[in-house]
Amino acid sequence: MTRTLLLTTCLLTASTLTARADGSFYVKLFGGLSDLQVDTLSFGSTTSQADFDTGIAAGGAFGYDYAGSPWQAEIEYTYRSADITPAASLGTGGDYASTSLMVNGIYAFSAAGAVKPYVGAGIGFMTEVDLDIEGGAAAGEYEDSGVFAAQVMVGAEYAVSDRVGLYGELRYFTAGSQTMTGGSGTIEADYDSLDAIVGLSIRF
């Protein structure tokens, strides 16, 4: 059901984009750091501390820039991953990763020279969230999919040319509390991430 809803949203967005011929399509490629804002794991009836290393975020987007308007709309895919050190009773190490598909709306402010600041927000789904724990009582792979997510972002783009831009961005991504099954039972953990990314945009 959630995947059907997401597909419908994407198709509606795409039809809106193609209906306009006075702007420009663009693609983005980006990568950077992802800092998971998580400090506890719940394994069965036990809630334990966990430490997360700064991880990575990488992805791309396809969008439309409306001419004569500050608005842009895009569909974005992102992969995030970070190493985890759970409490000794649960495991000796592991990895917490996700993929997400989002529909974003972006508002660009007036440019100051070649630099144009912007803000944005998006909704969508984590298409997959996966927690791997090594060793200990909770050892195993835990996963879920089709989880509603949202994000907000602020950044600035530098125009290298009329078609090519470089940008830097801070974003906050959240999918709330996750209940993942597998491994030795069920694990609950939040998925909230603060990302710092840099990227390349190409208009055509």
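Residue indices begin at 1 and follow the sequence shown.
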Item checked: Validation row: K28, F62 side chains within 4.5 angstrom (heavy atoms) -> no
Notebook entry, point to check: Which pair of heavy atoms, one from F30 and one from I197, lies closest together, and at what distance?
Noted result: CD1-CD1, 3.8 Å
Next item on the list: Please check if any side-chain donor atom of S34 sits under 3.5 Å from a side-chain acceptor atom of D195, or the reverse.
Entry: yes
Margin query: Show, in sequence, the C-alpha distance, side-chain angles and deciding distance for S201 and E157, and conclude whether the side-chain contact (heavy atoms from CB on, under 4.5 Å) test is met.
Written below: CA-CA 9 Å; S201 64; E157 182 174 12; 2.4 Å; yes
Notebook entry, point to check: Are a donor atom and an acceptor atom from the side chains of T181 and T186 found within less than 3.5 Å of each other?
Noted result: no
Check: Would you call R203 and D162 a salt bridge, taking side-chain N to carboxylate O under 4.0 Å as the test?
Finding: no
Check: Just checking, any donor-acceptor pair under 3.5 angstrom between side chains of T54 and D35?
Finding: no
Checklist line | Pair T179-D144, side-chain donor/acceptor within less than 3.5 Å | finding: no
Notebook entry, point to check: Can you list the residues that meet the salt bridge (charged side-chain N to carboxylate O under 4.0 Å, His left out) rule with E143, with sequence neighbours excluded?
Noted result: none
Check: Which residue pairs pass the ring-ring contact (aromatic ring centres under 6.0 Å, His included) test when at least one of the two sits in residues 170-204, sequence neighbours left out?
Finding: Y96-Y191
Next item on the list: Please determine which of Q178, E128, R80 meets the side chain to side chain contact (heavy atoms under 4.5 Å, CB included) test together with S98.
Entry: R80
Next item on the list: Go through the side-chain N and O atoms of N104 and Q72 and say whether any donor and acceptor fall under 3.5 Å apart.
Entry: no
Notebook entry, point to check: Judged by atom type as modelled, is there a donor-acceptor pair below 3.5 Å linking the side chain of T78 to the main-chain atoms of G59?
Noted result: no
Margin query: salt bridge (Lys or Arg N to Asp or Glu O under 4.0 Å) for E76 and R171? Distances and angles first, verdict last.
Written below: CA-CA 13 Å; E76 170 206 297; R171 62 172 61 179; 2.9 Å; yes
